[in-house]
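Below: the structure, in structure tokens.
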Amino acid sequence: MEIKNQETHYDVIIIGGGPGGYAAALYCSRAGLSTLVLEELFAGGQMAVTTQIENYPGFDEAIGGINLAMKMEAGANQFGTTTLQEKATAIYPQETPKRVLTDKNTYTCGALILAMGAAPRRLNLPGESQLIGHGISYCATCDGALYKNQKIAVYGGGNSAVTEALFLSNFASHVYLIYRGNQLKAEQMLINQLMKVENLELIPCTKITALHGNDHLSSITLTHKQTEETRLLSVGGLFIAIGRVPNTDLCRGHLALTQDGYIPADETTRTQLPGVYAVGDLRTKPLRQIITAAADGATASIQAESYLRRR
């Protein structure tokens, strides 16, 4: 019979089993700290839905996101990390020891590392989930090289969308930058760079209203916001850059959050609460990639070890 509400103490609890979480777990476990990783679904987080990863050091050929995630999990577990597939439902980081509630148990710890990540804001159109990794992407740096000499579209009008369009223009035969407003919201410097790109076309005042394709995206339906006219645009890939949503609901009421919901934490990964660290995509940072999340995890583990040793 399953025992509910059983309290178990660890030196470090890590919420989230992505690259930041498992890098932290690897370093913590190798330092001799009892370490628990709580992952609601499966190892890897957003990385696991990427079909091919070509920009993570150490692999001379592309590796699937799930495969890389499994390697990260195995690497941490071999040094004693405990991984449990449980959903964290509440945290009490101000307490001593710190307390984490899940859908199955209650755990306590000396140090808490938050690695829940951030999810790309989606279009919420039929077929979107099925086409992720098969023509739909949320990261040009991750997947851009897969679309060499193809016609692709970028959706969004801010700095991120313009930056992705500029990057993708180096690979694609033609890039359509689609945005809902009359004008781009990006910085003028980026817009100036955009205007110099020959294989890029701007499509303003337009929203994407349908996705087409079975095994792979083949086209998208565009609807003009003012005239409501529609047209079909054939593309091999669609990069959605309309923002991200950090998974920080657990932190509300416990930690300060930015207006966009991110945890303010610098390169030390320390938050305003002693012994609580934020790593990966949920913290304020200039670049959100697998390698930067892993670097955060290593940094947080060193900070956590130092904190625990002092105590």
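Note that this is a predicted model, so its numbers are computed, not measured.
- Using a 4.5 Å heavy-atom threshold, the side chains of Y155 and L123 count as touching.
- L114 has its side chain out of reach of L250: every pair of non-hydrogen atoms, C-beta onward, lies at least 4.5 Å apart.
- Other residues, nucleotides and ligands contribute only 12 or fewer heavy atoms inside 6.0 Å of the CG atom of D215.
- Heavy atoms only, all atoms of each residue included: T81 and V37 are closest at CG2-CG2, 3.7 Å.
- In terms of heavy-atom proximity, I263 sits nearest to A278 at CG2-CB, 3.8 Å.
- Between Y138 and R122, the closest side-chain pair of non-hydrogen atoms falls below 4.5 Å.
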If you apply the rule side-chain contact (heavy atoms from CB on, under 4.5 Å), what do you find for N182 with Q226, and how did you get there? CA-CA 10 Å; N182 293 317; Q226 297 173 350; 3.7 Å; yes
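- When the side chains of ILVMFWY residues are joined at heavy-atom separations under 4.5 Å, either directly or via intervening members, L26 and L36 end up in two distinct hydrophobic clusters.
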The test is side-chain contact (heavy atoms from CB on, under 4.5 Å); show your working for H134 and L217 and say whether it passes. CA-CA 6 Å; H134 302 281; L217 181 74; over 6 Å; no
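- In terms of heavy-atom proximity, G32 sits nearest to D11 at O-OD2, 4.3 Å.
- Atom OG1 of T292 and atom CG of L287 lie 5.0 Å apart (nearest 0.5 Å).
- Panel note: side chain S160, backbone G158; no donor-acceptor pair is recorded below 3.5 Å.
- Note on I91: it clusters hydrophobically with M116, by side-chain heavy-atom contacts below 4.5 Å among ILVMFWY residues.
- When all heavy atoms are compared, the tightest approach of S137 to D143 is OG-OD2, 2.7 Å.
- Atom NE2 of residue H9 and atom SG of residue C109 lie 7.0 Å apart, to the nearest 0.5 angstrom.
- Smallest separation of non-hydrogen atoms from T258 and P264: CG2-CG, 4.1 Å.
- The number of heavy-atom neighbours closer than 6.0 Å to CD of Q183, taken from other residues, nucleotides and ligands shown, is 12 or below.
- Distance check: L282 CG to D296 CG gives 9.0 Å after rounding to the nearest 0.5 Å.
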Carefully, step by step, assess R231 and I203 under the rule side-chain contact (heavy atoms from CB on, under 4.5 Å). CA-CA 12 Å; R231 66 163 166 145; I203 306 180; 3.3 Å; yes
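- R99 places no side-chain N or O within donor-acceptor distance of the main-chain N or O of Y92, the cut-off being under 3.5 Å.
- Taking both residues in full, the closest heavy atoms of A241 and A161 are given as CB-CA, 3.7 Å, listed atom of the first, atom of the second, then distance.
- For Q303 (side chain) and T299 (main-chain N/O), no donor-acceptor pair under 3.5 Å exists by modelled atom type.
- Interatomic distance, CG of L168 versus NE2 of H174, reported as 12.5 Å (0.5 Å rounding).
- Under the 3.5 Å distance criterion, with hydrogens and angles disregarded, no donor-acceptor pair is assigned to the side chains of S218 and H212.
- Between E305 and Y27, the closest side-chain pair of non-hydrogen atoms is not below 4.5 Å.
- When side chains are defined from C-beta on, I240 does not count as touching I208, because their heavy atoms never get closer than 4.5 Å.
- One hydrophobic cluster holds both L273 and L112 under the rule that ILVMFWY side chains link at heavy-atom gaps under 4.5 Å.
- Note on ring orientation: taking the six-membered ring where Trp is involved, the planes of Y147 and H216 are tilted (angle from 30° to 60°).
- With rounding to the nearest 0.5 angstrom, the CG atom of L257 is 10.5 Å from the OG1 atom of T284.
- A 4.5 Å side-chain heavy-atom check between T248 and L255 finds every atom pair outside the cut-off.
- We find the CG-CD1 distance between D281 and I290 to be 9.5 Å, quoted to the nearest 0.5 Å.
- Grouping the Ile, Leu, Val, Met, Phe, Trp and Tyr side chains by contacts below 4.5 angstrom, directly or via other members, places L131 with L233.
- No hydrogens or angles considered: nothing links the side chains of R30 and S301 as a donor-acceptor pair under 3.5 Å.
- At a threshold of 4.5 Å between non-hydrogen side-chain atoms, the residues V276 and H254 do not count as touching.
- Around atom CD of E229, no more than 12 heavy atoms belonging to other residues, nucleotides or ligands sit under 6.0 Å away.
- For the residue pair S173 and N149, no side-chain donor N or O sits within less than 3.5 Å of a side-chain acceptor on the partner.
- In the hydrophobic clustering of this structure, L177 groups with M195; members are Ile, Leu, Val, Met, Phe, Trp, Tyr whose side-chain heavy atoms approach within less than 4.5 Å, directly or through other members.
- A donor-acceptor pair under 3.5 Å is formed between the side chain of Q85 and the backbone N or O of L41.
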Run K71 and I63 through side-chain contact (heavy atoms from CB on, under 4.5 Å) and show every step you take. CA-CA 11 Å; K71 287 180 179 292; I63 182 171; 4.0 Å; yes
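- Residues E267 and R283 form a side-chain contact, since some pair of their non-hydrogen atoms from C-beta on lies under 4.5 Å apart.
- Remark: the R310 side chain and the S306 side chain contain an N/O donor-acceptor pair separated by less than 3.5 Å.
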